[in-house]
Amino acid sequence: MSRSRPEPGDWSTPAELAELQRSQLPRVIAQALRSPFYAARYEGVTPPRADDFAGIALTTKQDLRDQYPFGMLAVDREQLATYHESSGTAGEPTASYYTDDDWTDLAERYARKWVGINPSDTFLVRTPYGLVITGHLAQAAGRLRGATVVPGDARSLATPLSRMVRVLKSLDVTLTWCNPTEITMLAAAAKAAGLRPDKDFPALRAMFTAAEPLTEVRRRRLSEIWGGIPIVEEYGSTETGTIAGQCPEGRMHLWADRAIFEVHDPATGTVSDSGRGQMVVTPLYRDAMPLLRYNLADEVEVSTEACACGWLLPTVTVLGRAGAEHTVGSAVVTQQRLEELVFGLPAEYEVMFWRAMAHSDVLRLEFEAPDAVREQAVKELGAALDRELGVPHRITGLPQGTLVPTDALTAGRDILKARYLFAEGEDWDKAVMYF
């Protein structure tokens, strides 16, 4: 059933926001108890109450895995609009499902970009469609705001990087949606095609991104590569959709008018509205798959301090996606810290692709750079590692095209379709080939 949902302008104080959240809780809890999982959890015991929200048990990822596929379903199957599964990067995938009305909420939250999504925009969606939600989410938000959506699925054989560069230029694409690595790959593919990312795509006004670590140093470098346009980050999951978005000041704000957010300390079991710990989410406008205090298990830091942008919403720093810590010698190394040092090299060194391996006694790090600056880049990065981390290291500068082959940036791909009849001299080993 369609219902109205708030926008940030519907409240002006933290107390009003808290009252907005409390007013939705009875309906959220009642809807959750329609699912087999929550009905069984509270069978024969006192059901959860809105006035004792802190007493409601957390829902875990393992709960969702155990209830695969429809144990969390709280509506009739006929009401479902879409079914999705997570990527399963942290274990067995989880199922998620949404009604049409749930999708309106999802699209509205994604569309809260400070640069806007407008009818005049051409929006290239360069993330997977498949079972995950990411491509469908951007497409729904783009259509909600009237933009022209270009479905450039990042996992399709029909959309190689070379084709996406052509699309970016010939269609005057204004917005893109892809992860930070794909933003880098598109820039490299543009260069391989003889184009300058900072000059030859004048219509491009912003790039939306999520799904992997993005330090502020790397964000600035990506923006610089693409001519200074904003790189606008968001945070979410297949189970929840977008739960936070970046403001003009570069901070990520939790959409606390659409969900209740808490921080769980796994060491003590305590839960609070701010601080460092694991992100816990209770969506307020979800019919198909209500979640009560769902622990995403992402390591975050939440702050309720005021932001210069004026948005009266908590801010979040996502820490869990920065990668695990590794000890090398007596130093501790993280992907986030290495990324800051790699992309702290001067832009003219054109360092875009790198990799590292943490051994117990030495950090091996390789990166691509042009011949003319490679040796100097190795020296400067080595000095930065000595100065900032004090880690024993072995750095190798590689020719461009070593880590990411040029063919990956320039080649087209066969679009495999079933075929049964071939002319003499054709390769009939491709008959009925889908792999």
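These numbers were taken from a predicted model, which means no experiment stands behind them.
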Exercise. Is Arg394 paired with Asp361 through a side-chain N to carboxylate O contact shorter than 4.0 Å?
Worked result: no
Problem set entry | Spacing of Glu85 atom CD and Thr94 atom OG1 [to the nearest 0.5 Å] | 8.0 Å
For this session: Could you tell me whether Arg374 and Glu368 have a side-chain N and a carboxylate O separated by less than 4.0 Å?
Result: no
Problem set entry | Exercise: do Arg126 and Thr159 side chains pair donor with acceptor under 3.5 Å | yes
Exercise. Less than 4.5 Å apart, any side-chain heavy atom of Glu16 and any of Asp10?
Worked result: no
Exercise. In chain order, what residues pass the salt bridge (charged side-chain N to carboxylate O under 4.0 Å, His left out) check against Arg205, with sequence neighbours excluded?
Worked result: Asp121
Exercise. Any salt bridge between Arg258 and Glu7, counting N to O under 4.0 Å?
Worked result: yes
Problem set entry | From Asp257 atom CG to Tyr285 atom OH, the distance as rounded to the nearest 0.5 Å | 7.5 Å
For this session: Give a yes or no on whether a salt bridge exists between Arg218 and Glu339, defined as a side-chain N under 4.0 angstrom from a carboxylate O.
Result: yes
Problem set entry | Pair Thr60-Asp63, side-chain hydrogen bond (donor to acceptor under 3.5 Å, both in side chains): steps then yes or no | CA-CA 5 Å; Thr60 67; Asp63 290 330; 3.2 Å; yes
For this session: Would you give the length of the straight line joining atom OG1 of Thr59 to atom CG of Leu296, rounded to the nearest 0.5 angstrom?
Result: 11.0 Å
Exercise. Is any NZ, NE, NH1 or NH2 atom of the basic residue among Glu234 and Arg109 found under 4.0 Å from an Asp or Glu carboxylate oxygen of the other?
Worked result: no
Exercise. Going by heavy atoms in the side chains, are Leu214 and Leu222 under 4.5 Å from each other?
Worked result: yes
Exercise. Any side-chain heavy-atom pair from Asp102 and Tyr97 closer than 4.5 angstrom?
Worked result: no
Exercise. What class does the angle between the rings of Trp255 and Trp311 fall in, given that below 30° is parallel, 30 to 60° is tilted and above 60° is perpendicular?
Worked result: tilted
Exercise. Without hydrogens or angle criteria, can the side chains of Tyr129 and Ser156 be said to hold a donor-acceptor pair below 3.5 Å?
Worked result: no
